[in-house]
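In what follows, a structure is listed as structure tokens, so that the remarks can point back to it.
Model, not experiment: these values are computed from the prediction.
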Amino acid sequence: MSALKIYNTLSREKEHFEPITPDHVGMYVCGPTVYSDVHLGNCRTFISFDIIYRYLLFLGHKVRYVRNITDAGHLEGDRDEGDDKFTKKARLEQVEPMEIVQRYTVGFHKVMELFNNLPPTIEPTATGHIMEQIKMAQEIIANGYAYVVDGTVYFDVEKYNKEKPYGILTNRKLEDLLEGTRELGGQDEKKGRLDFALWIKAGPEHLMQWPSPWGMGFPGWHIECSAMSEKYLGKQFDIHGGGMDLAATHHTNEIAQSQACYHVSPVKYWMHTNMLTVNGVRMSKSAGNGFLPEELFSGSHPLLEKAYAPVNVRFFMLQTHYRSTLDFSNEALQAAEKGLKRLWDAYETLTGFVPEQSSTGHDIDPELEAKVLKLVNEFDEHMNDDFNTAKVLASMFELVPVINSIKDKTIALTALSADTLTWMQSRFKNYLEDVFGLKAVNEADNKKLQGVMQLLIDIRKGAKEKKDFATSDKIRNQLSELGIALKDEKGGEMSWSIESP
RNA sequence: GGUCCUGUGGCCGAGUGGCUAGGCUCAGCUCUGCAAAAGCUGCUACAGCGGUUCGAAUCCGCUCGGGACCUCCA
């Protein structure tokens, strides 16, 4: 089996993945700022990293997966001025900032669960780590890379850049970055145009503030991730992830802070997921083209033609590589919905095969056997190539006709060896359920319903034998109106499934 | 202006220089009381122009188009 390769933003190439501590992986992913609902674009990132987390577990690593909740210190603009997002929203709704935080944290967790994302192993909050952030700012000051102006602590980018390349993550030169920045105004207290705040002095209007060596204030946005990743994963850890939009500023500053504080580069592999777009334009709150997960699940958004189940959306995202932009459209989503149904039906069929009944030797079709083995073994290859879920799915889809042909007895079950069949069954389960986190769109595990359905199937079978098509059609048509599809299989059997909403 | 990404068949999308990804749609056939599903077959594309090569969607150059980041957003 090939070894896992990960595309590292830092080196701009795929690198062999070797954990700093063998079999143990530390992964930090930038989580949401909980001042409003997460939209579908945000979800894409968390779904991508959920797959990555699951695959690392599948490979046998012990993974510490840290994903923060930003519940303080994220300003409206990055000019280190104005209200923080929580204060603004709280004032608007006349509630406590922590009520805002609570509401959207709960909502975020609910959405993550609906998408079948596993929870991270640690989910730290910024407000819970004020002390750590203050301490880190103090050390950076002591090391000479930050300065205090009237109760606010700034990171000295230009000084840092003399020793370490500040723009290393996105391959930018300091001069180029300076060009894109506005001139310092007369009222600015920063020394350099690119300097950013580690700690910000609070005015009386700020509802969230804490005591510090520099007076009352609150942490800058970037320092929380540096402080919390160090606390739980150490000064150097394996993977740091987030959306691509965070690389240029947030992650660039994280690297600078950690370097200035601990004199080491904090992260071995930087991973960035690409954006979700609508009509080619990035989905974002400011563009007003964001879909809320609930709008998607209920189909209530004006741009949606129908409702889409969370698992279909998850599958839709898996058909694209995480580093490619993914364009959202009804057509694409409906195609994904049909594709998942086809794949999942085949998976359930496959699960129903009993390998003991298959061949022990002479009936085996060597060509088919080789084809199946090749495709099944490719799953790992594709995932090891920077988590290429789209290619794994393509390999699976190529196996669907084989599975369906065995079901229809066009291909004998004994054409495959018992070992191969068992292997295929376990790999499908491993990938579809464990790694991809997919599940049946509509679980029909209700025992009573199954009994009722069996009864209807028996009656319909009897009617068909008597060529009483009026009765048999009535059963199928009325079930169809209820959203239950009944299908005649080859050999007189019948199957049923609950239709998508 | 700077740093990058990108342009693939009706749509969505994967693609490590040579071996037609895959999904959806569409058409035909088979199966079938009908329906649905399924199976088989067909639709064989890589923005344009040059270059490197025995051979390029894949490498290089130029042109044109789209997008992201450099200002809050995963």
Taking atom P in both B:C29 and B:A36, what distance in whole Å separates the two? 14 Å

Provide the Watson-Crick or G-U wobble partner of B:A38, both distances under 3.5 Å; none if there is no partner. B:U30

Would you say the rings of A:Tyr269 and A:Phe17 are close, in the sense that their centroids are separated by under 6.0 Å? yes

When the P atoms of B:G10 and B:G50 are considered, how many whole Å apart are they? 23 Å

Rounded to whole Å, the CD-C1' distance (A:Glu381 to B:A21) equals 16 Å

The test is ring-ring contact (aromatic ring centres under 6.0 Å, His included); show your working for A:His272 and A:His251 and say whether it passes. CA-CA 10 Å; A:His272 291 97; A:His251 292 160; 4.9 Å; yes

Length of the CE-C1' vector between A:Met244 and B:A74, whole Å: 11 Å

Assign A:Gly41 to base, sugar-phosphate, or nothing according to its heavy-atom contacts below 4.0 angstrom with the strands shown. base

I'd like to know whether the aromatic ring centres of A:Phe291 and A:His301 sit less than 6.0 Å apart in this structure. yes

Could you run through nucleotides 34-39 of chain B and give me one letter per nucleotide, 5' to 3': B if any protein heavy atom sits under 4.0 Å from the base, S if only the sugar-phosphate is that close, - if neither? BBBSSS

Option from A:Tyr53, A:Phe237, A:Tyr232 for which ring-ring contact (aromatic ring centres under 6.0 Å, His included) with A:Tyr65 holds: A:Tyr53

Both distances under 3.5 Å, Watson-Crick or G-U wobble: report the partner of B:C43, or none. none

Taking the six-membered ring where the residue is Trp, are the ring centres of A:Phe297 and A:Phe115 under 6.0 Å apart? yes

Ignoring hydrogens and geometry beyond distance, is a side-chain donor-acceptor pair present between A:Ser284 and A:Arg282 at under 3.5 Å? no

For the side chain of A:Lys338, starting at C-beta, report the closest nucleotide among B:A68, B:C24, B:A74. B:C24

Taking the six-membered ring for Trp, are A:Phe155 and A:Tyr160 closer than 6.0 Å centroid to centroid? yes

Could you tell me the separation between the NZ atom of A:Lys374 and the C1' atom of B:A21, rounded to a whole number of Å? 10 Å

Indicate, with a heavy-atom threshold strictly under 4.0 Å, whether A:Phe397 touches base, sugar-phosphate, or nothing. sugar-phosphate

Mind calculating the distance between CG (A:Leu333) and C1' (B:G23) to the nearest angstrom? 13 Å

Cationic tip of A:Lys164 above A:Tyr166 ring, under 6.0 Å, 45° of axis: no

Please compare A:Ser395 and A:Ala470 by the position of their nearest nucleotide in RNA chain B and report the one closer to 5'. A:Ser395

Which part of the nucleic acid does A:Met275 contact within heavy-atom distance under 4.0 Å: base, sugar-phosphate only, or nothing? base

Report yes or no: does A:Gln425 contribute a side-chain atom to a donor-acceptor pair with the main-chain N or O of A:Phe353 at less than 3.5 Å? yes

Any strand, both distances under 3.5 Å, Watson-Crick or G-U wobble: B:G7 pairs with B:C64

For nucleotides B:U20 and B:U41, find the distance between their C1' atoms and express it as a whole number of Å. 15 Å

Within 45° of the ring axis of A:Phe436 and under 6.0 Å from its six-membered ring centre, is that where the NZ or CZ of A:Arg54 lies? no

Please state how far atom CD in A:Glu398 lies from atom P in B:G23, giving the value in whole angstrom units. 8 Å

Do any N or O atoms from the side chain of A:His206 and from the backbone of A:Ala202 form a donor-acceptor pair under 3.5 angstrom? no

Once base and sugar-phosphate atoms are separated, protein heavy atoms under 4.0 Å mark nucleotides 2-8 of chain B, 5' to 3', with B, S and - as BBS----

Rounding to the closest angstrom, what is the interatomic distance between B:U16 and B:G48 at atom C1'? 26 Å

Interatomic distance at C1', B:C31 relative to B:A38, whole Å: 9 Å

Counting Watson-Crick and G-U wobble pairs only, both distances under 3.5 Å, name the nucleotide matched with B:G18, or none. B:C54

Please assess A:Glu158 against A:Arg193 for the test salt bridge (Lys or Arg N to Asp or Glu O under 4.0 Å), listing each intermediate value before the final yes or no. CA-CA 9 Å; A:Glu158 285 182 58; A:Arg193 279 185 272 168; over 6 Å; no

By the 4.0 Å heavy-atom rule, please label A:Met396 as base, sugar-phosphate, or nothing. nothing

Does the structure place the NZ or CZ of A:Arg323 under 6.0 Å from the centre of the six-membered ring of A:Tyr7, at an angle of no more than 45° from the ring's axis? yes

Please give, in whole Å, the distance from B:G23 P to A:Leu375 CG? 12 Å

Nearest-Å distance for atom pair CD/P, residues A:Gln334 and B:C24: 13 Å

What one-letter contact string describes nucleotides 9-19 of chain B from 5' to 3', where B marks a base within less than 4.0 Å of any protein heavy atom, S marks contact via sugar-phosphate atoms alone, and - marks no contact? --SSSSS----

What is the distance from CG of A:Asp37 to P of B:A74, rounded to the nearest Å? 13 Å

Between B:U6 and B:A14, how far apart are the two P atoms, rounded to whole Å? 10 Å

Measuring only the P atom in each nucleotide, how far is B:C34 from B:A45? A whole number of Å is fine. 38 Å

Quantified in whole Å, what is the C1' atom distance between nucleotide B:C49 and nucleotide B:A68? 27 Å

Can A:Phe108 and A:Phe46 be said to form a ring-ring contact (aromatic ring centres under 6.0 Å, His included), step by step? CA-CA 11 Å; A:Phe108 171 65; A:Phe46 302 128; 5.4 Å; yes

Scan A:Leu276 against the nucleic acid and name what it touches under 4.0 Å (heavy atoms): base, sugar-phosphate only, or nothing. base

